[in-house]
Amino acid sequence: MREISFAASGRIAPRHVHLIGIRAIFAALALTLALAAVAQQPGTPVVNSANDNLSPGTPITTPATVDLSPHPSEQKSLAGGPESSGTPVLLDAMTAELHRAFTSLGRQGASQQEQSSGQQEGQQGSDRPLPPYFLSYSVGDATMVAIRAQFGALVSSSANHIRLADVQVRLGSPKLDNTHGTHRSSAVTSTALPLNDDREALARSLWLATNTGYGNAVENYLRVKTEAEVRAKEADNSPDFSQEAPRVYLGKPAPPVKVDRAVWEQRTRGLSRIFREFPDVYQNVVMLTAENETDYFASSEGSKVVAPHQQARLVAVAVTRAEDGMDLFRAQTFEAETVEGLPSQAEMEAAMRELGASLEALRKAPVTEPFDGPAILSGRAAAVFFHEVLGHRLEGQRQRGDEEGQTFTRDVGKEILPGFLSVADDPTQTSFGKTWLSGSYEYDDEGQKAQRVDLIQNGVLKTFLMSRQPIDGFTASNGHGRAQTGKMPTGRQGNLIVTSTKMESENKLRKQLIEEAKKQGKPYGLYFEDISSGFAVTQRSSPQAFSVVPLVVWRVYVDGRPDELVRGVGIVGTPLAAMKSILATGDKNEVFNGECGAESGTIPVSAVAPAMLVREMETQRQPQGTARPPILPIPGVEAASAMPAVPQPAVPKKEAQ
């Protein structure tokens, strides 16, 4: 599923630094505005390359005509979708222009060369014909509604429609092409498309982006060829692109998003107003986003895919500052396929009050000290832990290239986790219990069918998450090539699911924590109840480390004292040491839905895991800050209880508890 991310859906992280969580969700606002501005200028290329000033003028030859009819091996996948005669206008326009571009690029150059006697044999360097061997169009067509409120008042309410296209051009051959090494982004050029189904306007917009993209691909391919001649032999000389069978799936396009904005404006106002009850909450925001997207994909190999995706998310964030200057926040997210699947108003109001109360308790909690000892990660915390510590290092492209740390590259067939743990990534699973999984999708962003991948079985590493970029020993995609619009797809996580055969009840896990702390001579162990985000560094030039930011952490004393809430805790460590210290798991799984940012952009992900007891967890103090709490009291605190209530909408019967 190609994430357009034009509504509070994530942060594009620096290369090799991977982020997940609530911070990524809110860091996308600038990107939202930029993409919306682009959408108002149909046909304007947004070139994902530093070489966007290149004007293609290289003579090229004509490739063989490609057949875009469904491949026999994929005929069955058309079941349940419309017949070819009823394909969407957008897909027809994409297919027609792609066919024209792929079979035309180089024809004029070839004719001119044939008229120039004796010159063709003497062509060298940039004069050599360079027809593309692969061309694809990916279009995300999305409608969305975004509503934001704070302290009981509406801040913004908007509806939007956007179409963004990625044109991917590959020159050379699958063995070596213009995407090799550090040039991967050279294949992708992005443009906004017209919102209506005007075939000529669509074709011209795609033509312009294709022309620009071809020029960028030519320049980068020549650089790749030069670098191949002067650089040392690479340790992994796998091809740059895998050979895959064409995929044809014509799903029903997602309908325009439908949200009763008046009702949801009242609901978000009502939820944000609750924070008026907490005088130490200095900032808060409640945001609803509902997005329906249809992803269209067509390639010169014969793939044609139409895949719908729907998502609704309500996010609440509250912020305070302790007397010593430490900024603190709590966040709560609710996700479902549509707004009808979100919890009832009463349930969300209870969650807001719990959020406010816990934030005020955190404000008064003592600051933690650095710690190295036993700990329990709740299911949500363990889910983020596995996503950051393990998941990113099992993405295929991390296993090749001189810049990658390659933590587990040579460990296939070896035990990297305790034998009672198994890990899979299954984007085909849409829910876990009653919880919707935001990392689910039918086809990835390279037109490949999503697959369940059993990464680790009984502690033993079996495989990696693969896009169409091969690595040594793994030559095919397993449906995990994912990207935000404008980015080159890479192997990414979808729904990471951790299972265990050594499960203990919550009480037994707690007793084991206390016993382990006594064994190590520690006065307490730690319990990580909630977590906001994390990041991992996989680059070889940097320490192979991870960091996870907990929100709610408790000291569990061995002498029977009540558990103590602490603040300012940060989890740090290295992956190999962390994986080996897991002792047991809880017997209940929890889900973390969020956004993950990496070099291929921001994508929705989910992680599922039980609580984990670990022998050794290292923590450090978070930055404290020096700003004091507000000097001027919050206005109207004394009269807060007398404020008139915001009218609440009637709860539909289907939401009744």
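A donor-acceptor pair shorter than 3.5 Å cannot be found between the side chains of Q469 and S467. One side chain, S242 or E244, offers a donor N or O that lies under 3.5 Å from an acceptor on the other. Between the side chains of T87 and D92, at least one donor N or O sits under 3.5 Å from an acceptor N or O. Side-chain contact, D141 with H161: a donor N or O sits under 3.5 Å from an acceptor N or O.
Not a single donor-acceptor pair under 3.5 Å links the side chain of E337 to the backbone N or O of Q310. Of the possible donor and acceptor atoms, none in the side chain of R482 sits under 3.5 Å from a partner among the backbone N and O of G601. Side chain of S606 to backbone of S438: a donor-acceptor contact under 3.5 angstrom is found. Side-chain atoms of R400 never come within 3.5 Å of backbone atoms of D472 as a donor-acceptor pair (strictly under, hydrogens ignored). D240 places no side-chain N or O within donor-acceptor distance of the main-chain N or O of T179, the cut-off being under 3.5 Å. No side-chain donor-acceptor contact under 3.5 Å links D166 to the backbone of T485. Formation of a donor-acceptor pair under 3.5 Å by the R163 side chain with backbone atoms of L90 is not found in this model. A donor-acceptor pair under 3.5 Å is absent between the side-chain atoms of K252 and the main chain of P308, judged by distance alone. In terms of modelled atom types and a separation under 3.5 Å, the side chain of E590 and the main chain of R380 share a donor-acceptor contact. With hydrogens and angles disregarded, a donor-acceptor distance shorter than 3.5 Å links the side chain of Q397 to the backbone of G491.
When the shell of 6.0 Å around NZ of K588 is examined, it contains 12 or fewer heavy atoms from other residues, nucleotides or ligands.
Under the side-chain hydrogen bond (donor to acceptor under 3.5 Å, both in side chains) criterion, the residue pairs touching residues 453-462 are R452-D454, with sequence neighbours excluded.
R492 has no carboxylate O lying under 4.0 Å from a charged side-chain N of E446, or vice versa, which leaves the two without a salt bridge.
Remark: aromatic rings of F134 and F241 are close, center separation under 6.0 Å.
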**OP:** Could you give me the CA-CA distance, side-chain angles and deciding distance for L417 and L390, then say whether side-chain contact (heavy atoms from CB on, under 4.5 Å) is met?
**Re:** CA-CA 10 Å; L417 285 177; L390 183 68; 4.1 Å; yes

Original post:
Could you walk me through whether H480 and M466 pass the side-chain contact (heavy atoms from CB on, under 4.5 Å) check?
Top reply: CA-CA 6 Å; H480 280 77; M466 298 296 297; 6.0 Å; no

**OP:** Could you go through the side-chain contact (heavy atoms from CB on, under 4.5 Å) check for N216 and V169 one step at a time?
**Re:** CA-CA 9 Å; N216 292 321; V169 183; over 6 Å; no

Original post:
Stepwise, does the side-chain contact (heavy atoms from CB on, under 4.5 Å) test hold for F474 with Q399?
Top reply: CA-CA 10 Å; F474 300 89; Q399 319 311 319; over 6 Å; no

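The distance from the CD atom of Q243 to the CZ atom of R468 is 7.0 Å, given to the nearest 0.5 Å.
Counting heavy atoms from C-beta outward, L98 and L206 have side chains that stay 4.5 Å or more apart. Residues Y133 and S300 are not in side-chain contact: their nearest non-hydrogen atoms beyond the backbone lie 4.5 Å or more apart. Between T210 and Y137 the shortest side-chain heavy-atom distance falls below 4.5 Å.
For the pair Q451 and N478, the tightest heavy-atom approach, listed with the atom from each and the gap, is CB-O, 3.4 Å.
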